[in-house]
Colleague: 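This structure is in structure tokens; I'll ask about it shortly.
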Amino acid sequence: MAISTVVPEMAMLYAPFLFNDASEADFIYDNYLTDFYSELLIAKDFHLVSWYEIGFINIYGTEPILLPSEALGKRFRVGAGPAARFFAQSVGADVIPLGFADVVSSLQTGLISSGEQSVSLYARTGIASEAPHLTLTKHSFGISAIVASKTWWDGLSKQQQDWVTQSWPSVQKSRKAVRSESERDLKDGKSLGIVLHQLTPTERDQWREATKGVTSKLIQTIGGRSQEVFDLIQRAKIEYSSLQAQ
């Protein structure tokens, strides 16, 4: 989200239901989005060092929120960026923008009663004990970009560039680590006080239907090459589906 203040198209990556699952997202990032966003970042004098996965984002609450209709009027925390705000608005939630550091205290005081977060940033950060109900909507795919000044980067030797690159976990390692951690946290959910709510395909489709206008609103709001991002992802999804069918 910080990078999106300079490269607004970064916010498109948080559009709801952009990816069907992690494997599809991996394919699209590795084969399409990395090159595309590297180009966008270079234009703003940034070098993309690596992606760092956050994981699929879900809904938490002090009470269960299994369907979009149950989010109506809920005091829903959103972070920076338009995707989360538009998502919450689309289901009629009371949108409360807050920094991550203020989430736990705001749950304690009742300023908020719900929000969205990945498992890795929910389960062991104090949020779960205050808002124990976690609904696995998996509506957005969270990922961060590790970047460096392109001017500075170009002034490094090849060996120095390799040292910088290797000082960060590769995207493959971050994926494996975050997903393993999330699986452990969900498995240990009861001991962490989490009340886990799995959705049926029909229930998840209700979230998809309720938020279907968010992506077009994002494209219109962000502008730039955001339509290209969406179109590129749709082409990549077709290729991925074709490869899976072989």
Colleague: Does some side-chain heavy atom of I54 sit less than 4.5 Å from a side-chain heavy atom of L121?
Modeller: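 Heavy-atom side-chain distance check passes, below 4.5 Å.
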Colleague: On a heavy-atom basis, which atom in L40 and which in V7 lie closest, and how many Å separate them?
Modeller: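 So the two residues come closest at CB-CG1, 3.9 Å.
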Colleague: Between atom CG of L18 and atom NZ of K237, what is the distance when rounded to the nearest 0.5 Å?
Modeller: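 Reported value, rounded in 0.5 Å steps: 6.5 Å.
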Colleague: Within this structure, what is the OG-CZ distance for the pair S120 and F56, rounded to the nearest 0.5 Å?
Modeller: 13.0 Å
Colleague: Taking R204 for its side chain and K138 for its backbone only, find out whether a donor-acceptor pair lies under 3.5 Å.
Modeller: yes
Colleague: Before accepting this row, confirm whether a basic side-chain N of the pair R225/E39 lies closer than 4.0 Å to the acidic partner's carboxylate O.
Modeller: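 Looking at E39 together with R225, the answer is yes, because their closest N to O distance falls below 4.0 Å.
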Colleague: Can a donor-acceptor pair be found, under 3.5 Å and without considering hydrogens, that links the side chain of S149 to the backbone of W152?
Modeller: yes
Colleague: Flag yes if Y32 and L48 sit in one hydrophobic cluster, no otherwise; membership is Ile, Leu, Val, Met, Phe, Trp, Tyr, and two members link when side-chain heavy atoms are under 4.5 Å apart.
Modeller: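 Looking at the clustering, L48 is in the same group as Y32.
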Colleague: Before accepting this row, confirm whether a basic side-chain N of the pair K74/D94 lies closer than 4.0 Å to the acidic partner's carboxylate O.
Modeller: no
Colleague: In this structure, would F17 and F76 fall into the same cluster of hydrophobic residues linked by side-chain contacts under 4.5 Å?
Modeller: yes
Colleague: Identify whether the distance between the nearest side-chain nitrogen and carboxylate oxygen of R184 and D188 falls below 4.0 Å.
Modeller: no
Colleague: First locate atom CD1 of I28, then atom OG1 of T34, and finally report the distance between them rounded to the nearest 0.5 Å.
Modeller: 11.5 Å
Colleague: List the atom of L218, the atom of F86, and the distance in Å for their closest heavy-atom pair.
Modeller: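 Looks like CD2-CD1, 3.8 Å.
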Colleague: If hydrophobic clusters are built from ILVMFWY residues whose side chains come within less than 4.5 Å, do V104 and I194 share one?
Modeller: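 Per the 4.5 Å side-chain linkage, V104 and I194 are co-clustered.
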Colleague: Determine, for E181 against R124, whether the closest basic-nitrogen to carboxylate-oxygen distance falls under 4.0 angstrom.
Modeller: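 Looking at E181 and R124, the cut-off is not met.
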Colleague: Looking at D26 and R179, is any side-chain nitrogen of the basic one under 4.0 Å from a carboxylate oxygen of the acidic one?
Modeller: yes
Colleague: Between the side chain of S241 and the main-chain N/O of I238, is any donor-acceptor distance below 3.5 Å?
Modeller: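 No.
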Colleague: Can you tell me how far CD of Q108 sits from CD of E130, rounded to the nearest 0.5 angstrom?
Modeller: 4.0 Å
Colleague: Is the backbone N or O of E24 less than 3.5 Å from a side-chain atom of Y29, with the two atoms forming a donor-acceptor pair by type?
Modeller: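 No; judged by distance alone, with no hydrogens or angles, the pair does not exist.
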Colleague: Return yes if some donor-acceptor pair links the side-chain N/O of E209 with the main-chain N/O of D205 below 3.5 Å, else return no.
Modeller: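 Looks like no, no N/O pair under 3.5 Å.
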Colleague: Should the pair F19 and F141 be assigned to parallel (<30°), tilted (30 to 60°) or perpendicular (>60°) ring geometry?
Modeller: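 Aromatic pair F19/F141 classed perpendicular.
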Colleague: Restricting to non-hydrogen atoms, name the atom on A128 and the atom on L192 that form the minimum distance, rounded to 0.1 Å.
Modeller: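 Heavy atoms of A128 and L192 come nearest at CB-O, 4.3 Å.
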Colleague: What's the verdict on side-chain contact (heavy atoms from CB on, under 4.5 Å) for L41 and I3, showing C-alpha distance, side-chain angles and the deciding distance?
Modeller: CA-CA 9 Å; L41 287 162; I3 301 296; 3.7 Å; yes
Colleague: Taking a hydrophobic cluster as the set of Ile, Leu, Val, Met, Phe, Trp and Tyr residues connected by side-chain heavy atoms closer than 4.5 Å, whether directly or through intermediates, do F27 and I233 fall within one such cluster?
Modeller: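 In one cluster: yes.
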Colleague: Kindly indicate whether the side chain of V119, heavy atoms from C-beta on, has any atom under 4.5 Å from the side chain of N58.
Modeller: yes
Colleague: Determine whether R75 and S114 make a side-chain contact, defined as any pair of heavy atoms from C-beta on separated by less than 4.5 Å.
Modeller: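 No; the side chains remain at least 4.5 Å from each other.
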Colleague: Would you say the side-chain atoms of Q161 pair up with the backbone N or O of W153, donor to acceptor, closer than 3.5 Å?
Modeller: yes
Colleague: With hydrophobic residues grouped by side-chain heavy-atom distances under 4.5 Å, do Y60 and V78 end up in a single group?
Modeller: no
Colleague: Rounded to the nearest 0.5 Å, what separation is found between the NZ atom of K217 and the CD1 atom of I222?
Modeller: 12.0 Å
Colleague: With no hydrogens and no angle check, is any side-chain donor or acceptor of S226 less than 3.5 Å from a backbone partner on I219?
Modeller: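 Yes, S226 side chain to I219 backbone: donor-acceptor pair under 3.5 Å.
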Colleague: Determine yes or no for a side-chain-to-main-chain donor-acceptor pair under 3.5 angstrom, with S182 supplying the side chain and V178 the backbone.
Modeller: yes
Colleague: Quick one: do D231 and R235 make a salt bridge, cutoff under 4.0 Å?
Modeller: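 A salt bridge is absent here (no side-chain N lies under 4.0 Å from a carboxylate O).
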Colleague: Would you check if there is a donor-acceptor pair between the side chains of W51 and S144 at a distance under 3.5 Å?
Modeller: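 Side-chain D/A pair, S144 to W51: absent.
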Colleague: Between the side chains of D162 and Q166, does any donor sit under 3.5 Å from an acceptor?
Modeller: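 No, no side-chain donor-acceptor pair sits under 3.5 Å.
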Colleague: When you measure from the side chain of R77 to the backbone of I96, do you find a donor-acceptor pair of N or O atoms at a distance under 3.5 Å?
Modeller: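 Checked: no pair found.
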Colleague: Mind checking whether H139 and F87 have parallel, tilted or perpendicular rings, split at 30° and 60°?
Modeller: parallel
Colleague: Do you know which two heavy atoms are closest between P169 and S50, and how far apart they sit?
Modeller: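 Scanning both residues, the minimum pair turns out to be O-OG, 3.6 Å.
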Colleague: Look up atom OG in S4 and atom CD in E9, then write down how far apart they are to the nearest 0.5 Å.
Modeller: 10.0 Å
Colleague: For the backbone of A25 and the side chain of Y240, can you confirm whether one donor and one acceptor N or O come within less than 3.5 Å of each other?
Modeller: no
Colleague: Looking at side-chain heavy atoms only, is the closest gap between V171 and Y52 below 4.5 Å?
Modeller: no
